[in-house]
Enquirer: 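Got a structure for you, questions after.
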There are 2 protein chains.
Amino acid sequence: MKRVTINDVALRSGVSKSTVSHVINQTRFVEEQTRLKVLQTIKDLNYRPSSIARSLVSQRTGTAGLLISDVGNPFYHEVILGVEDVALANDYSLFLCNTGYDLDRGMKFIHSLIDRSVDGILFMSSSMNVEMLDEVYRNNIKAVVLDWGGTDVSQLASTITIDFNTGICEAVQHLVSLGHTRIAFAGGPEGLWTANIRTQAFLNAISQCQPAVEGIVIPHGNLRIEGGYKAFDALSNLSPRPQAVIAANDLTALGLMWAARNAGFNLPRDLSIVGLDDIDLASRVTPALTTITLPRFEIGRLAMQELLALIREPEQTKSNHVVETYLTVRESTTAAPITV
Amino acid sequence: MKRVTINDVALRSGVSKSTVSHVINQTRFVEEQTRLKVLQTIKDLNYRPSSIARSLVSQRTGTAGLLISDVGNPFYHEVILGVEDVALANDYSLFLCNTGYDLDRGMKFIHSLIDRSVDGILFMSSSMNVEMLDEVYRNNIKAVVLDWGGTDVSQLASTITIDFNTGICEAVQHLVSLGHTRIAFAGGPEGLWTANIRTQAFLNAISQCQPAVEGIVIPHGNLRIEGGYKAFDALSNLSPRPQAVIAANDLTALGLMWAARNAGFNLPRDLSIVGLDDIDLASRVTPALTTITLPRFEIGRLAMQELLALIREPEQTKSNHVVETYLTVRESTTAAPITV
DNA sequence: TTGAAAGCGCTAACAA
DNA sequence: TTGTTAGCGCTTTCAA
């Protein structure tokens with residue numbers, strides 16, 4: 001049960017290895033008759049070239065690493081699909097590297113990817129650092145970094161940043177058009193960059209888009225459902241209570257929603273809620289969640305496309321893409337009660 | 001910026017390639033002094049052996065394919081973590097292959113994995129078929145199949161099956177001990193094997209564990225939240241209405257829960273609900289969902305361990321593992337109302 | 001129009 | 001105790 005090699009094909013078709021190779025890769029002219037014979041033999045023997053051997057000579061593997069904090073995070077789900085979509089279409093295979101928010105584990109993965117000579121690495125994990133990027137760069141491996149809050153890495157990699165301002169601005173305008181004048185924002189954990197950037201975008205949106213509106217930040221969330229419960233308590237204690245709230249992510253929004261209902265609220269009448277992320281669940285709860293959508297599938301595609309560009313045109317300068325967010329209106333927002 | 005090779009190390013340390021190789025792999029005795037010198041040079045040059053070159057000679061890549069229907073499916077989340085856990089500990093890297101329930105796409109992935117000479121493949125996708133398995137087998141690649149409903153494949157691969165009977169039996173007993181005598185089961189789509197096996201397990205549980213209980217199957221769910229809504233309607237129309245329901249999966253259970261609440265039910269008093277899967281969300285909703293737990297992390301670990309065993313001991317016979325499920329009691333089940 | 005041969009970076013049998 | 005050398009399966013130059 002030995003592997004069929006190019007030699008077997010050559011021998012069986014009475015030609016040399018190089019002819020077989022050229023037939024396969026269409027890399028020089030081969031007489032039609034011999035070409036057909038070779039092709040037939042390949043079929044007969046069910047021959048498939050070893051990409052290992054190919055990689056050794058071509059110095060390219062057709063593989064990339066996908067460094068990600070947590071596959072289970074609904075945010076990444078469609079991002080991964082987008083990445084994979086482009087990868088598959090370009091005959092690239094992806095190594096899954098789930099850091100679990102652990103830097104050491106991340107470094108282990110990076111080394112393993114370097115050893116395996118991947119052509120590129122997609123950094124989609126907050127649990128990365130410049131050291132990793134440096135090491136990757138020194139090994140001449142291309143990298144694309146998604147929405148990282150750390151120091152400037154544009155010398156080492158291409159980057160993709162998500163612009164929360166556009167979406168949050170739309171959300172604020174939407175709420176204002178519904179008559180809301182006090183809008184709360186249920187933020188994430190204080191130390192977390194990905195959370196801070198969202199809170200900041202909210203404050204920007206208020207001052208830039210609707211300076212007349214009063215924006216109230218409810219801090220210390222945790223970007224999970226329980227955080228939404230707590231945010232609801234905090235919100236309830238405000239006086240006067242805001243009738244509209246934008247959450248730092250959809251899970252927080254769902255937590256708010258469920259806590260509000262448990263407190264006897266009629267939704268959306270008593271409280272307009274806007275999420276952020278547009279996870280699967282968002283459109284499937286009742287009332288369906290109005291939320292700020294991140295085009296995640298497109299982000300994934302873009303990231304992989306950029307990586308391929310970097311790999312294929314080594315001279316190409318690294319780019320910094322910005323992806324905009326936008327509001328998706330569903331049922332969880334409604335007109336503010338009329339104040340008499 | 002050329003890659004550092006074993007030759008560079010050999011030259012720089014004034015020894016031969018083989019000595020360097022033997023130092024690295026500890027595969028024959030090397031005098032302490034030269035050993036140290038080689039080690040030092042490796043550090044100085046920051047040398048890392050190319051696993052591509054290694055694979056070419058060893059005929060082993062240290063890679064495996066993870067064929068999965070949908071990374072976003074919460075069921076697979078912890079399974080993946082388990083797989084990865086064992087993989088990383090054994091210096092194995094995983095190729096992510098997300099079939100998206102598409103057989104053609106699956107076959108494309110299989111071919112790509114064969115070309116890349118993976119040592120083994122984990123089939124965790126309902127969208128597979130025997131043809132794939134056959135092709136993999138013919139290429140001398142090991143395979144482990146998780147919980148597949150198709151024909152017997154024990155000649156081609158090791159298998160892991162999930163035993164729903166144990167968990168569902170426990171659930172039925174739990175409900176009976178709470179005083180319930182009519183128990184509904186909200187099933188999945190009719191054609192789907194993974195759904196049928198669960199319904200069947202429910203019927204078995206009734207007849208084997210608690211034949212005195214009346215079991216009512218509500219068919220045609222879709223294993224999603226909306227399916228739970230519909231199941232609630234169906235359930236409401238039953239007369240007398242069952243006061244306890246087991247759902248084919250957690251999402252269905254959540255749908256039931258939310259529909260019941262929208263209908264003004266007081267939960268769990270008016271309806272005891274049991275889920276199946278124990279997804280993350282299950283413990284975080286209110287009331288927290290009593291559910292039948294699948295030890296998913298362990299399933300993942302087991303699958304990868306079995307694959308490694310197959311790879312490392314080619315003589316080993318393929319095994320068929322059975323993993324048991326069990327009940328996790330939370331808040332969504334309570335005593336049946338006393339019938340006067 | 002095709003073949004021979006060198007070489008990608010490594011391991012391991014055979015020599016010394 | 002270590003070095004020489006023949007591959008692993010392929011691509012690609014150079015020659016014919």
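Given the structure is predicted, the values throughout are model-derived calculations rather than measurements.
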Enquirer: Under a 4.0 Å threshold between the charged nitrogen and the carboxylate oxygen, would A:Lys142 count as salt-bridged to A:Asp119?
Expert: no
Enquirer: Between which nucleotides of DNA chain D, 5' to 3', does chain A make heavy-atom contacts below 4.0 Å?
Expert: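 Footprint of chain A along DNA chain D, 5' to 3': D:dG9 to D:dC14.
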Enquirer: Between A:Ser58 and A:Arg54, is there a donor-acceptor pair closer than 3.5 Å when you use the side chain of the first and the backbone of the second?
Expert: yes
Enquirer: Give, ordered by number, those residues of residues 43-63 of chain A having at least one heavy-atom distance below 4.0 Å to an atom of DNA chain C; if nothing qualifies, reply none.
Expert: A:Leu56, A:Val57, A:Gln59
Enquirer: Salt bridge check: are B:Arg105 and A:Glu84 linked by an N-O gap of less than 4.0 Å?
Expert: yes
Enquirer: With sugar-phosphate meaning primed atoms plus P, OP1 and OP2, does A:Ser18 contact a base, only sugar-phosphate, or nothing at under 4.0 Å between heavy atoms?
Expert: base
Enquirer: Determine yes or no for a side-chain-to-main-chain donor-acceptor pair under 3.5 angstrom, with B:Ser93 supplying the side chain and A:Ser112 the backbone.
Expert: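 Judged by distance alone, no pair lies under 3.5 Å.
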Enquirer: Taking salt bridge (Lys or Arg N to Asp or Glu O under 4.0 Å) as the definition, give me every residue that meets it alongside B:Arg138, ordered by chain and number, with sequence neighbours left out.
Expert: none
Enquirer: Is there a side chain to side chain contact (heavy atoms under 4.5 Å, CB included) between A:Phe95 and B:Thr63 once you walk through the steps?
Expert: CA-CA 9 Å; A:Phe95 281 117; B:Thr63 59; 3.9 Å; yes
Enquirer: When you measure from the side chain of A:Ser125 to the backbone N and O of A:Leu67, does any donor-acceptor pair fall under 3.5 Å?
Expert: no
Enquirer: Counting only non-hydrogen atoms, which of residues 22-33 of chain B are less than 4.0 Å from DNA chain D?
Expert: B:Arg28, B:Phe29, B:Val30, B:Glu31
Enquirer: Verify side chain to side chain contact (heavy atoms under 4.5 Å, CB included) between A:Val144 and A:Phe123, making sure each step is shown before the conclusion.
Expert: CA-CA 6 Å; A:Val144 171; A:Phe123 286 87; over 6 Å; no
Enquirer: Give the first and the last nucleotide of DNA chain C, reading 5' to 3', that has any atom under 4.0 Å from a heavy atom of chain A.
Expert: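 On DNA chain C, the outermost contacted nucleotides are C:dT1 to C:dG9.
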Enquirer: By the 4.0 Å heavy-atom rule, please label A:Ser21 as base, sugar-phosphate, or nothing.
Expert: base
Enquirer: Say whether, by atom type as modelled, one donor and one acceptor occur between the side chain of B:Asp152 and the main chain of B:Ser154 under 3.5 angstrom.
Expert: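 The answer is yes, because a donor-acceptor pair under 3.5 Å joins these two groups.
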Enquirer: Strictly by modelled atom types, are B:Glu135 and B:Asn139 linked by a side-chain donor-acceptor pair under 3.5 Å?
Expert: no
Enquirer: Can a donor-acceptor pair be found between the side chains of A:Arg35 and A:Thr19 at a distance below 3.5 Å?
Expert: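 There is no such pair between these side chains.
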Enquirer: Any side-chain to backbone donor/acceptor pair from B:Ser158 onto B:Ser319? Under 3.5 Å, distance only.
Expert: yes
Enquirer: Sequence neighbours left out, what passes side chain to side chain donor-acceptor pair (under 3.5 Å) with B:Arg296? Give chain and number order.
Expert: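 Side chain to side chain donor-acceptor pair (under 3.5 Å) check on B:Arg296 returns B:Glu78.
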